[in-house]
Amino acid sequence: MALSAIAYKVRPGLDDEIARGLDDEPVRLAPLSATGLFAQGDTVIRVFHHHDDADDAIRAITDRDAARLAPYLQDGGDPAPMLCVQSRFIEDRPAGMAALRYRVKSGHAEDIRKVFAEVQAEARPTLRGEQGQETGVILGVGLFVHDDNMIRVVLFDGELDDVARYMAKRGGRPGMEQKLAPYMAEERHVETPEQFLEQFRANTMRCVGQQRMPALS
């Protein structure tokens, strides 16, 4: 399995209009496992969760998105493949999808990759509710960079609030934040779990629509 992402630069302040105009129509998924369209500010992202033979399907959906987004694009806002600097899959099954957007300084994709390469992965990242009960699991993650955007994609079975809680309490997070700080182009106050949760909500992109293959019975 793999994750891919396409970025579009749009005129800022049009989130509601884009969401109404692009309320995602069904697409032919196979050989895709899932796809999602996300918007925030001047950026729209199309994410693909797919098998290796998905080039034609990705190209067809990208062409359709470009046509539908044309009224909102900035000059030079053509589809731009994002560089995947990290991906990991825990389980291969249908999953919910979320995208978080961070502003970074251009030209530091390799530096960002090195920071995340040092993160110790958990074998099974378990999600828990407010009372500590198990509610789901993170099934995969991907990290993409293009120009001044860094996009974190999370595939999960559960609730997005529980994903945020998991990340807030993740061991080693404060050290990783310090290492990322020189490459960030946005001010972040994430010293406490509460501050992290507030920042997580601010960075979460609006989901215009997503589709995923049904689980096999």
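No experiment lies behind these values; they were computed from the predicted model shown.
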Between [Y] and [X], is there a salt bridge with N-O shorter than 4.0 Å?
{"X": "R124", "Y": "E134", "value": "yes"}
{"X": "D111", "Y": "K114", "value": "no"}
{"X": "D42", "Y": "R101", "value": "yes"}
{"X": "E186", "Y": "R188", "value": "yes"}
{"X": "R20", "Y": "D15", "value": "no"}

Checklist entry - Per the side-chain hydrogen bond (donor to acceptor under 3.5 Å, both in side chains) rule, which among R46, Q211, R212, Q210 passes with T35? => result R46

Next on the checklist: Let's go through H49 and F89 carefully: what are the C-alpha distance in whole Å and the side-chain angles of both, what is the deciding distance for ring-ring contact (aromatic ring centres under 6.0 Å, His included) to 0.1 Å, and is it a yes or a no?
Outcome noted: CA-CA 11 Å; H49 181 207; F89 301 97; 5.5 Å; yes

Item to check | Over all atoms of both residues, closest heavy-atom pair of F156 and E159 | outcome: CE1-C, 4.0 Å

Next on the checklist: Show every ring pair (Phe, Tyr, Trp, His ring centres under 6.0 Å) that has at least one partner inside residues 163-182, sequence neighbours left out.
Outcome noted: none

Under 3.5 Å, sequence neighbours excluded: what are the donor-acceptor pairs made by side chains of residues 69-87?
residue: Q74; atom: NE2; partner: V10; partner atom: O; Å: 2.8
residue: Q86; atom: OE1; partner: R152; partner atom: NH1; Å: 2.9
residue: Q86; atom: OE1; partner: R152; partner atom: NH2; Å: 3.3

Checklist entry - Hey, are the side chains of E118 and K179 touching, using non-hydrogen atoms and a 4.5 Å cut-off? => result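 E118 reaches K179 side chain to side chain.
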
Checklist outcome for this item: Taken in chain and number order and not counting sequence neighbours, the residues that satisfy side chain to side chain donor-acceptor pair (under 3.5 Å) with D157 are R93

Checklist entry - Between F196 and F200, what is the ring plane arrangement, given parallel below 30°, perpendicular above 60°, and tilted in between? => result tilted

Checklist entry - Just by distance, with hydrogens left out, do S106 and D148 show a side-chain donor and acceptor under 3.5 Å apart? => result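 The criterion, which ignores hydrogens and geometry beyond distance, is not satisfied for D148 and S106.
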
